[in-house]
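Step one of this worksheet: look at the structure below.
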Amino acid sequence: LPKALKEWQGFEDLKKKIDDFSETIPLLEMMSNNAMMPRHWERLSQITNTTFDVDNENFQLRNIMEAPLLENREDIEDTCIAAIKERDIEGKLKQVIAEWSAQSLSFGQFKSRGELLLKGNETTEIIVFLED
């Protein structure tokens, strides 16, 4: 491009708009993650002071682009990263619940104090399972 063209206000405005959009794309990608739950969108609404009605069938990219995303970039990134980590934790928690809901612990009598001890012969398998 000619040097004189780069000095035009229109060129500078367009360049800024393109640069801003290029910085916004990674945020949009993070925000589009399936881990984003309604609580995360509510947090983004609080951060940007913008309402995101993502459940509405008329919700469009324009609604997100109108929000001050770049001004709140770090907070938005933190919220999106937290959403991904929360999804991972929830998945692992469900796995632990599924594995342990099938386990049964047997207690044995300890002298005259009642059932205070786990039965060793039945809990050996569970201990091996815990160690894995």
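In this chain, numbering begins with 1 at the start of the sequence shown. These numbers come from a predicted model, not from an experiment. Atom set for the values below is all heavy atoms of this structure, side chains included, hydrogens, waters and symmetry mates excluded.
- Here the shortest heavy-atom pairing between L44 and T48 reads O-OG1, 2.8 Å.
- How far CE of M36 is from OG1 of T79: 7.0 Å, rounded to the nearest 0.5 Å.
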Could you walk me through whether M37 and E86 pass side-chain contact (heavy atoms from CB on, under 4.5 Å), step by step? CA-CA 10 Å; M37 304 304 273; E86 288 173 15; over 6 Å; no
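- Every side-chain contact (heavy atoms from CB on, under 4.5 Å) that N33 has, sequence neighbours left out, goes to A35, I84, R87.
- The hydrophobic clustering, which links ILVMFWY residues whose side-chain heavy atoms are closer than 4.5 Å, places M31 and V54 together.
- Side-chain atoms of S45 come within 3.5 Å of backbone N or O of T50 as a donor-acceptor pair.
- The CZ atom of R43 sits 9.0 Å away from the CG atom of D78 when rounded to the nearest 0.5 Å.
- Nearest heavy atom pair, residue F21 against residue M65, reads CD1-CE, 3.7 Å.
- When all heavy atoms of F59 and I64 are compared, the pair lying nearest together is CZ-CG1, 3.5 Å.
- Using a 4.5 Å cut-off between side-chain heavy atoms of Ile, Leu, Val, Met, Phe, Trp and Tyr, with links allowed through other members, I18 and L70 fall into different hydrophobic clusters.
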Pair C80, H40 - check side-chain contact (heavy atoms from CB on, under 4.5 Å), show working. CA-CA 7 Å; C80 294; H40 302 113; over 6 Å; no
Apply side-chain contact (heavy atoms from CB on, under 4.5 Å) to L28 and L69, showing your working. CA-CA 9 Å; L28 295 173; L69 299 179; 4.1 Å; yes
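- Salt-bridge annotation for K15 and D19: present, with a side-chain N of the basic residue lying under 4.0 Å from a carboxylate O of the acidic one.
- Not counting sequence neighbours, the partners of E77 by the side-chain contact (heavy atoms from CB on, under 4.5 Å) test are L27, M30, R73.
- To the nearest 0.5 angstrom, L14 atom CG is 12.5 Å from W8 atom CH2.
- Heavy atoms from other residues, nucleotides or ligands lying under 6.0 Å from CD of E29 number 12 at most.
- In summary, D20 and K16 engage in a salt bridge, as defined by a charged side-chain N under 4.0 Å from a carboxylate O.
- Here the shortest heavy-atom pairing between I47 and N72 reads CG2-CB, 3.5 Å.
- Enclosure of atom CD in E74 is not indicated, since only 12 or fewer non-hydrogen atoms of other residues, nucleotides or ligands lie within 6.0 angstrom.
- V96 and I89 are not part of a single hydrophobic cluster, where members link through side-chain heavy atoms under 4.5 Å apart.
- Taken to the nearest 0.5 Å, the CD1 atom of I97 stands 10.5 Å off from the CD atom of E90.
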